[in-house]
Participant: 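The structure under discussion is supplied below as structure tokens; questions concerning it will follow.
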Number of protein chains: 2
Amino acid sequence: MPAPSPASAGTTPRRRAGRPTAAVLDQTVITKAAVDLINRKGYEALTMAALAKQLQVAPSALYNHVASKDDVMLLIEDHVADLVDVSAFETEPWDAAVRRWAWSYRDVFSQHTPLIPIIAVMPVANAPKTLAMYEAVTAGFRRAGFPQEQIISAVVALEAFIFGAAFDVNAPEDIYDAGSLAERTPNLNAAVDSLAAQGHKRPTDVAFSLGLEALISGFGALLAGKG
Amino acid sequence: MPAPSPASAGTTPRRRAGRPTAAVLDQTVITKAAVDLINRKGYEALTMAALAKQLQVAPSALYNHVASKDDVMLLIEDHVADLVDVSAFETEPWDAAVRRWAWSYRDVFSQHTPLIPIIAVMPVANAPKTLAMYEAVTAGFRRAGFPQEQIISAVVALEAFIFGAAFDVNAPEDIYDAGSLAERTPNLNAAVDSLAAQGHKRPTDVAFSLGLEALISGFGALLAGKG
DNA sequence: ACCATTAAATGAATGTCATTCATTTATCTC
DNA sequence: GAGATAAATGAATGACATTCATTTAATGGT
């Protein structure tokens with residue numbers, strides 16, 4: 001039998017199969033590696049293979065800790081939910097708190113739009129940080145005197161607006177240029193041009209502000225002691 | 001050499017490669033087949049192979065008429081945009097028209113949520129029916145006396161809300177059940193319960209109505225001749 | 001009428017994924 | 001210590017979308 005392949009200097013010996021001395025993986029490190037990967041290279045780069053590579057592990061090893069890639073997405077979502085700023089609900093009046101929360105929520109998820117189709121539909125149980133966010137928001141609404149039966153509806157409506165707006169952030173500025181069919185859309189063109197003529201802030205931010213303020217003042221009318 | 005395989009009765013002879021007598025494919029038939037497939041089996045079933053099979057054609061043949069699957073998605077989007085009801089902008093007051101359009105838009109796209117991440121970000125040029133929708137809406141806003149520079153922002157905000165709400169329609173009713181972590185979310189639980197106690201209409205419709213009415217009355221304040 | 005070009009199909013790769021499975025081996029438990 | 005369990009490996013699998021060389025019929029120019 002020839003000499004066993006020598007542990008040549010400078011080469012880290014490849015791990016053999018079998019139970020390692022200490023576990024390398026768990027949901028926490030997988031989540032961190034995934035978020036890191038996304039921050040550095042975007043969601044297109046998030047593959048199970050790339051994630052495994054980042055963790056210096058075989059792709060199949062991940063499946064000892066998560067059931068599927070969608071499962072990884074849920075872990076990411078819960079991590080990201082923690083980045084949303086709900087602190088204003090404890091320190092500021094209702095309208096200012098909603099404003100801070102909504103802008104923060106939109107900004108965070110504009111960097112994570114691939115999560116939206118998943119979380120918009122996925123039950124929130126087992127996502128502790130996401131639940132913590134909802135709890136903080138709901139508590140803020142209650143303290144402000146919002147009618148109990150309308151809190152969820154109002155939050156769902158705000159969230160719908162926020163999710164839609166998060167996609168918007170990633171749209172190109174010329175998304176409403178009619179191009180070669182412009183002859184048929186005079187009213188649209190005129191509206192687009194007159195918005196561009198204003199042209200200070202990002203159009204997407206102007207639209208978000210406009211919608212958010214309308215929602216805040218509409219819902220504000222439901223507060224106790226305002227009518 | 002054995003006899004060449006006879007054209008056995010009942011077997012349609014397989015098409016040979018080469019230019020056919022009359023072209024089978026174009027973007028119109030591809031779009032129709034795709035929409036048909038989606039309506040019958042959902043978006044998961046929309047693969048290039050399945051689409052080709054539906055058209056009795058090899059998958060590679062599709063690529064003579066579309067550049068990619070995303071291209072097919074855009075064709076579907078433009079087809080679907082035509083289903084949105086904008087007629088009220090020509091016959092009814094502004095607020096009623098927005099209401100009809102928004103509900104219709106949400107209902108249509110709740111059946112086509114996989115399109116949303118694509119269209120929310122994709123320039124609208126070369127999508128004639130989508131452009132026609134925007135033109136009708138924009139014209140309605142202008143006729144109602146909406147300030148020119150705010151029309152796009154208002155429409156974008158409404159659309160964001162509509163897209164977010166479209167996802168919502170497909171969520172399970174118990175999406176806000178905290179499950180095993182319920183001890184930590186008393187306010188959320190109370191709000192969920194008190195909404196459920198009302199329990200007439202679909203919660204998702206209640207939330208949509210609440211948000212939409214807030215947006216309509218908020219934007220209505222911008223109309224000329226309203227004070 | 002002929003011939004070169006082009007359009008529209010085929011089917012056989014390719015490459016990228018997520019996911020599964022038999023196997024290996026260190027650690028934990030009784 | 002023996003047996004069970006946990007956590008890794010690497011080699012399939014099976015969906016996919018997409019590309020490419022090839023085939024063949026229609027078309028257009030001379």
Participant: Contact list please: residues 25-42 of chain B against DNA chain D, heavy atoms, distance less than 4.0 Å, in numerical order.
Facilitator: none

Participant: Just jot down the side chain to side chain contact (heavy atoms under 4.5 Å, CB included) partners of B:A139, sequence neighbours excluded, or say none.
Facilitator: A:N187, B:R143

Participant: Per the end-axis method with five pairs at each terminus, what is the bend angle of the helix from C:dA1-D:dT30 to C:dC30-D:dG1, to 10°?
Facilitator: 10°

Participant: How would you list, by chain and number, every residue that makes a side chain to side chain contact (heavy atoms under 4.5 Å, CB included) with B:A120, sequence neighbours excluded?
Facilitator: A:F167, B:F163

Participant: Would you mind classifying the nucleic acid contact of B:A61 as base, sugar-phosphate or nothing, using non-hydrogen atoms under 4.0 angstrom?
Facilitator: base

Participant: With sequence neighbours excluded, what pairs up with A:I216 under the side chain to side chain contact (heavy atoms under 4.5 Å, CB included) test?
Facilitator: A:W94, A:D95, A:V98, A:R99, A:L212, A:E213

Participant: Which letters describe nucleotides 13-18 of chain D, given B = protein heavy atom under 4.0 Å from base, S = only from sugar-phosphate, - = neither?
Facilitator: ---SSB

Participant: Counting distance only, does the side-chain N/O of A:N189 pair as donor-acceptor with the main-chain N or O of A:V192 below 3.5 Å?
Facilitator: no

Participant: How would you list, by chain and number, every residue that makes a side-chain hydrogen bond (donor to acceptor under 3.5 Å, both in side chains) with A:D78, sequence neighbours excluded?
Facilitator: A:T130

Participant: Could I get the full list of side-chain hydrogen bond (donor to acceptor under 3.5 Å, both in side chains) partners for B:S194, not counting sequence neighbours?
Facilitator: none

Participant: Salt-bridge test for B:R106 and B:D205: reply yes if a basic N is under 4.0 Å from a carboxylate O, no otherwise.
Facilitator: yes

Participant: State which residues pass salt bridge (charged side-chain N to carboxylate O under 4.0 Å, His left out) with A:D85; sequence neighbours excluded, sorted by chain then number.
Facilitator: A:R100

Participant: Partners of B:A214 by side chain to side chain contact (heavy atoms under 4.5 Å, CB included), sequence neighbours excluded?
Facilitator: A:L215, A:F219

Participant: Would you call the rings of A:Y105 and A:W101 parallel, tilted or perpendicular, taking 30° and 60° as the class edges?
Facilitator: tilted

Participant: For the residue pair A:F89 and A:F141, does the interplanar ring angle fall in the parallel (under 30°), tilted (30 to 60°) or perpendicular (over 60°) class?
Facilitator: tilted

Participant: Not counting sequence neighbours, list each pair that qualifies as a ring-ring contact (aromatic ring centres under 6.0 Å, His included) and has a residue in residues 53-84 of chain A.
Facilitator: none

Participant: Using the heavy-atom set of chain A and a strict 4.0 Å cut-off, write down the first and last nucleotide of DNA chain C that makes it in, 5' to 3'.
Facilitator: C:dC17 to C:dT27

